[in-house]
Amino acid sequence: MTEEQDHGQTPATQGSRIDAYVDRYAARATGMVASEIRALFAVASRPEVVSLAGGMPYVTALPLDMVGELVSDLVTRRGPVALQYGSGQGDPHLREQICEVMRLEGINAGANDVVVTVGSQQALDLITRIFIDPGDVVLAEGPSYVGALGTFAAYQAKVVHIAMDDQGIVPESLAQTIYALETAGAPIKFLYTIPTFHNPGGVTLNIARRQQVLDICQRAGILIIEDNPYGLLGFDGEPMRALRADNPDGVVYLGSFSKTLAPGFRVGWALAPHAIREKLVLAMESAVLSHSSFTQLAVGQYLATQPWHEQIKSFRELYRERRDALLDALESLMPPEVTWTRPGGGFFVWATLPEGLDSKAILPRAVAERVAFVPGTGFFSDGSGARHMRLSYCYPAPDRIREGVRRLAGVIEQEIQLRDTFGTASARDHLGVDTPGPDLA
Ligand SMILES: Cc1ncc(COP(=O)(O)O)c(C=O)c1O
């Protein structure tokens, strides 16, 4: 007698012993699988491990007492509004303030075209939801942001990667790919790009290429989704001019307070051409009715009463010192065959291992040596990237970063010796999106 019969019920589904509903999920859920490296990262979060893996902002550097007072004051003074439902588009005053923030990147926009979202991650989800049918093509740099790849996979988009080098996305590669896809009759829905301080690439699209990318997409009628959470975290000079600044009709701009204030507020936004903005608001309402009034008003209050420019400046200095620590340590400790990018801002360095090494195979050994990174395969939707790794410098203190690189260099050195003795590590079969989880995004 089966267990179901034992309970007097006819099983309506075959299921499996682990998940009775395994054959009932929508097709789009089949791509949603926990990464096999997640378990390793549970170990990697132990204090003795130097994590160069996580993309978490260093929120400890915020004046937390001030945040506490601000939040308490908000409840006391504006509780009935802060604790009430809000509008699907977001608090109008915060949307005005967001326009001021975007002006730093040359964007001239009205609050009516802004939708406040639960982090820019939700903006990505909403954009994908309103544009993508299963099988539609999304263009994205290779590598690309793991959270975006996860969203595209969830909506069954086909991601086609565009080559990227030290100066950002390669315009020739973009033009050729568009031409090939159009010739094959594949519907391209948009280009998803992180032009400034790329995650995970650590590179920035140069000024000349910005115009080329805009021109190529405009000629082909392809919408650009410009994801820019790190734009104000540059280490030298003024912020880069956003792509959106030069083409209001062809670009949806995504912004976030996660890196310039704190991700715990979960406040991000999309700035979109009118018609798209309307769809986004409807999609937002169907997803969550409205964003949290409480965190929106808290961010609004912070912007209105605190020296936020100064706070961003102090974050920039903090991250610059950590970037320098990472680059110096890589320079002095890594085997000469390893190369890496030199970010001018943001959180990440993208390292390339010598031929024959596989970063995912190396990760367990690195964790055993008490250092962690994110293997490159997580940042491609086609299983490539095995020779790459993402190293983050945003969270550990500079001396920990140096110690982490020392440990990692030792592991890579050993791998090179193994390769020279026994040949290359067997290439692992790896397909699908390898999302390592939010703290590693
Ligand atoms: C490129 C990029 N886009 C979007 C996000 C999502 O940020 P949030 O949802 O916290 O605004 C991240 C977070 O790491 C990111 O790196």
Side-chain angles (χ1 to χ4, degrees), residues 41 51-59 62 90 94 98 101-102 105 114-128 138 140-152 154 159 164 168-169 190-205 224-234 240 242-244 252-271 280 284 287-288 291-292 295-296 299 315 319 341 343 345-350 374 378-381 390-395 433 435-441:
F41 282 120
S51 180
L52 303 173
M56 293 183 298
Y58 193 68
V59 288
L62 279 172
L94 177 62
I98 285 172
V101 173
M102 291 190 293
E105 293 168 340
V114 174
V115 184
V116 183
T117 54
V118 182
S120 48
Q121 186 66 35
Q122 192 199 20
L124 267 169
D125 183 275
L126 299 178
I127 286 285
T128 313
V138 169
E141 287 118 355
S144 186
Y145 165 53
V146 68
L149 295 180
T151 301
F152 301 150
V159 175
M164 191 171 78
I169 200 166
F190 53 75
L191 164 69
Y192 167 73
T193 178
I194 310 152
T196 309
F197 315 136
H198 192 274
N199 176 8
V203 299
T204 293
L205 187 66
I224 298 176
I225 311 299
E226 176 180 25
D227 190 7
N228 194 27
Y230 305 98
L232 297 181
L233 293 179
M240 287 292 283
L243 293 173
R244 163 60 177 73
V252 174
Y253 175 97
L254 310 186
S256 175
F257 289 107
S258 289
K259 325 291 171 174
T260 50
L261 174 55
F265 287 111
R266 304 307 298 128
V267 177
W269 68 91
L271 168 68
L280 284 175
M284 177 74 185
V288 294
H291 190 342
S292 153
T295 64
Q296 288 185 76
V299 172
F315 272 135
Y319 294 131
T341 54
F347 288 2
F348 308 109
V349 163
W350 182 245
V374 185
F379 305 97
F380 290 85
S381 64
R390 190 191 73 179
L391 304 174
S392 326
Y393 50 83
C394 46
Y395 203 75
V433 176
T435 44
D439 51 342
L440 301 168

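Atoms within each ligand, like the ligands themselves, are counted from 1 in listed order.
- Taking the side chain as every heavy atom from C-beta outward, P57 and Y319 approach each other to under 4.5 Å.
- When heavy-atom distances to ligand 1 are checked against 4.0 Å, the residues falling inside are G119, S120, Q121, Y145, I194, N199, D227, P229, Y230, S256, S258, K259, R266, A441, ordered by chain and number.
- Remark: F190 pairs with I127, T128, F131, I132, V138, F152, Y192, L223, I225 by the side chain to side chain contact (heavy atoms under 4.5 Å, CB included) rule, at least two apart or across chains.
- The minimum heavy-atom distance between R390 and P200, with the atom names listed, is CD-CB, 3.3 Å.
- Remark: S258 engages S256, P263, R266 in a side chain to side chain contact (heavy atoms under 4.5 Å, CB included) (not counting sequence neighbours).
- With sequence neighbours excluded, the residues that form a side chain to side chain contact (heavy atoms under 4.5 Å, CB included) with T204 are T196, F197, R210, M240.
- Within a 6.0 Å radius of CZ in F315, more than 12 heavy atoms belonging to other residues, nucleotides or ligands are found.
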